[in-house]
Amino acid sequence: MLQIDLIRREPAVVKAKLAKKHFTNTEVVDEIISLDQKRKLVKSDVDDLLSQRNNISKEIGNLLKTKLPEDIAKAEQLKNEIAAIKDKIAVLEKDLEIIELAQFNHLVSLPNLPADIVPEGRFAEDNLCVFCVEEIPNLPETALPHWELAAKYDIIDFELGVKLTGAGFPVYKKQGAKLQRALISFFLDEAIAAGYVEVIPPLMVNKDSAFGTGQLPDKEGQMYHITEDEFYMIPTAEVPITNIYRDIILKESQFPVKMVGYTPCFRREAGSYGADVRGLNRLHQFDKVEIVQIQHPDKSYETLDNMVAHVEGLLKKLELPYRILRLCGGDMSFGSALTYDFECYSAAQKRWLEVSSVSNFESFQSNRLKLRYKDANGKNVLAHTLNGSALALARIVACLLENNQTENGIRIPDALKPYTGFEYIH
RNA sequence: GGAGAGAUGGCAGAGUGGUCGAUUGCGGCGGUCUUGAAAACCGUUGACUGUUAAAGGUCCGGGGGUUCGAAUCCCUCUCUCUCCGCCA
C-alpha cells in the first residue's frame, strides 16, 4: 500500500510511476486525494463535537457530585444539550466511515511504484537480461524431458499424485525424494552460512497476514482458502515469515533482519494449462526455500544486490545455466518496486524456467504490516522489506534432471553430493 | 468436543461508572557517582491522527450496545490458560 502522504504531496509523480507499471486508471489517485480532503474536514468536525461532548460530560459529573438540587437540575439540562450533539456525531461518523472505506479500497488497489531503473515495457519480452551464461547446453535429440526421466528412474510419480489429490501434486519417490531433501538442506545451509536465521513457519495464515504481504485482496483467487477456519494455505513462505514482523517497531541497530525458511508452497494456478504445466513446470504444491530481509530504507537496494548475489551463488554451485532478468514495469508483481528473476535453462524442453524472484518492496508491505523502526529523532518510519526464492525446488529439479542426464544416469553436482549421498540417479 | 477462568503499555501487574492514556515494579534511554563497570540515587520512557507548532480527537483483544460519561456494565466474536475427553 502506498503512503497517503506521498500521494498527497506528489500526485503527478505517483501517476507517472504508476503508468510505468501499466496502471493507467489515474482518476483513482485524484479520487484518493479528494476523499482525503473530505475525510479531514469531516474528521475535524467530528473531533470538535466529541470534544464538546467530553467537556459537557465532565461538567455533568462535577455538578452531580455537589448533590445540590440546582446543580442536579443544571445537569439534566446539559444532558438534553448533549443529545443533539450525539445525533450530529452519529451522522458525521457514518459519513466518515463511508469515506474512509472508499479511500482504503482505492488505496489498496494501487500497485507499488517501480524503481527508476525498472525497464519500460509490458510483457516478458520487455524484461532486461542483465546476465546470461555464455554456454547454453545443447543436448542430443534423444535427450528426454524431465517427466520422462522421472518415470524412467521412478523418482517422481505424477499419476500417483493425481490419485491422491489431483494434477499438480506429484509424489517424489526413492532417489527423487532424497534429492528433494538434499536440495532443501543445501539451500538452508547456504542461507544460514550467509547469516540468515532459520524459521519454520505455519503453512496456513490468517487474513491479517495475507493482507500484510499483499496477497489480499489482490490475489485472493490464487490461494487455497480454508473457509471453515478462515485460513489461507501459504503461496510462499514470504507471507508467514515477513508477517513475523507485523506491528513491530524495530531499533535501527536491529537492521538488517535476515530470515530464511523452507516450506511447501500452495498455489491454485487457476487457468493454467498445456505445456506450461507439464511435469514440474507448474505445480499446485512445490517446495521452496525463501530468504527475507527487513532493512533500513537507505540500504535496501544494496541488500537487494546481496540477495541477488546469494541466489546466483547457489545456481553456480549447482552448475546450472542461468540468466538474470530485471523485470519490466508490466511484468513485475503488484507490490514490488524492483524485481530480478532468475531463469534456468531446461535443456530438453529448450526453454527457460523461472526458479527465483528477488524483490525489493520498499515500504509497500511495511505500510500494510505497520513494520517500522525508530529513527535517530525518535520518529517511527516504515522499514523496507525484501524477499527472494533461494531457491524454488521443482523447476531446479527439472533442470537438473534434463541437463545432467548421461548414459550412466543423472549426474549429481558436486556441491550436492554430501547431501544426497549418491553421485548418480539410476 | 464439554466445563470454568482470563485478555490492560516492551514485560509483569493494579484499576468495577467521572480529572485514567491509565498506580506501581521490571526493562529501555539520559544523568549523578566511578579509572571503568555494577550498585545506589535523580530524571525520562506507548501508538495513530492532526498542525508550521499546537489545541483537539482516537486507541485498555476485535465488533456492537447501555449511559450525559465505559478499561470498568451488557451482547457477540477471536484468542489464551486450567480441568475433563480425544490424540501425533
Side-chain angles (χ1 to χ4, degrees), chain A residues 1-9 32-33 35-104 107-108 200-212 216 225-232 240 243-255 257 294 363 366-383:
Chain A
M1 192 159 66
L2 296 178
Q3 289 175 258
I4 181 72
D5 205 43
L6 177 68
I7 297 174
R8 275 199 288 246
R9 279 197 332 261
I32 288 171
I33 293 170
L35 282 167
D36 196 52
Q37 287 160 351
K38 267 190 228 162
R39 185 188 61 81
K40 277 191 191 176
L41 290 176
V42 177
K43 183 77 160 67
S44 117
D45 286 350
V46 170
D47 286 353
D48 284 349
L49 291 169
L50 284 171
S51 173
Q52 284 180 38
R53 190 202 63 180
N54 290 344
N55 288 331
I56 295 175
S57 288
K58 255 179 217 168
E59 210 179 322
I60 291 173
N62 289 332
L63 288 170
L64 292 179
K65 236 183 262 172
T66 66
K67 305 224 197 266
L68 299 170
E70 64 263 35
D71 282 347
I72 289 171
K74 182 123 187 267
E76 287 304 319
Q77 198 186 322
L78 286 174
K79 282 188 192 180
N80 292 334
E81 233 172 86
I82 254 181
I85 294 176
K86 279 177 79 177
D87 289 345
K88 280 193 211 161
I89 290 175
V91 171
L92 288 178
E93 276 188 336
K94 192 126 215 168
D95 288 351
L96 189 62
E97 196 181 318
I98 291 166
I99 292 168
E100 284 180 340
L101 183 66
Q103 191 186 21
F104 176 80
L107 262 179
V108 297
I200 302 180
L203 305 183
M204 296 182 210
V205 293
N206 58 28
K207 272 199 150 128
D208 286 344
S209 294
F211 173 79
L216 288 180
H225 185 192
I226 319 284
T227 51
E228 198 172 3
D229 299 290
E230 274 304 326
F231 293 151
Y232 293 88
N243 269 281
I244 291 173
Y245 283 84
R246 170 153 49 85
D247 285 319
I248 294 283
I249 300 174
L250 295 163
K251 293 178 196 153
E252 279 193 74
S253 60
Q254 289 178 270
F255 287 130
V257 175
I294 299 165
S363 61
S366 58
N367 193 25
R368 292 169 165 231
L369 293 162
K370 304 213 187 321
L371 163 48
R372 294 162 291 175
Y373 69 95
K374 209 170 268 297
D375 74 6
N377 303 320
K379 217 174 149 231
N380 294 329
V381 183
L382 294 175

Suppose you measure atom [atom1] in [N] against the same atom in [M]; what distance do you get, rounded to whole Å?
N     : M     : atom1 : value
B/G13 : B/G25 : C1'   : 8 Å
B/C77 : B/U24 : C1'   : 33 Å
B/G21 : B/G69 : P     : 16 Å
B/G85 : B/C74 : C1'   : 33 Å
B/A22 : B/G31 : C1'   : 27 Å
B/G4  : B/G15 : P     : 24 Å
B/U80 : B/G43 : C1'   : 37 Å
B/A7  : B/U72 : P     : 11 Å

[N] [atom2] sits how many Å from [X] [atom1], rounded?
X      : N     : atom1 : atom2 : value
A/I60  : B/U19 : CD1   : P     : 14 Å
A/Q37  : B/U51 : CD    : P     : 11 Å
A/I248 : B/G9  : CD1   : P     : 13 Å
A/L250 : B/G28 : CG    : P     : 18 Å
A/L50  : B/A70 : CG    : C1'   : 14 Å
A/N62  : B/G69 : CG    : P     : 16 Å
A/R9   : B/U51 : CZ    : P     : 13 Å
A/L92  : B/G57 : CG    : P     : 16 Å

Could you list all N or O pairs between the protein and nucleotides 46-49 of chain B that sit under 3.5 Å apart?
from, atom 1, to, atom 2, distance (Å)
B/A47, OP1, A/K374, NZ, 2.7
B/A47, OP1, A/N380, ND2, 3.4
B/A47, O3', A/R372, NH1, 3.1
B/C48, OP1, A/R372, NH1, 2.6

Toward the 5' end of RNA chain B, by each residue's nearest nucleotide, A/E97 or A/V46
A/V46
Map A/A83 and A/S51 onto RNA chain B by nearest heavy atom, then report which one ends up closer to the 5' terminus.
A/S51
Is it the case that A/N206 and A/S209 place a side-chain donor and acceptor less than 3.5 Å from each other?
yes
Checking contacts here: which listed nucleotide (B/G18, B/G56, B/U67) is nearest the side-chain heavy atoms of A/K86?
B/U67
Please state whether the rings of A/F255 and A/Y373 are parallel, tilted or perpendicular, taking 30° and 60° as the class boundaries.
perpendicular
With a non-hydrogen cut-off below 4.0 angstrom, is A/I82 in contact with a base, only sugar-phosphate, or nothing?
sugar-phosphate
Is [N] paired to anything, Watson-Crick or G-U wobble with both distances less than 3.5 Å, and if yes, which nucleotide?
N     : result
B/U67 : none
B/C87 : none
B/A40 : B/U32
B/G25 : B/C11
B/U80 : B/A5
B/U51 : none

Check: [Y] and [X] side chains under 4.5 Å, non-hydrogen atoms:
X      : Y      : value
A/V42  : A/I99  : yes
A/S57  : A/I82  : yes
A/R372 : A/L250 : no
A/I32  : A/L107 : yes

Are any of the side-chain nitrogens in [X] or [Y] under 4.0 Å away from the carboxylate oxygens of its partner?
X      : Y      : answer
A/D71  : A/K74  : no
A/K374 : A/E252 : no
A/K79  : A/E76  : yes

Does A/N54 put a side-chain nitrogen or oxygen below 4.0 Å from OP1 or OP2 of B/U58?
yes
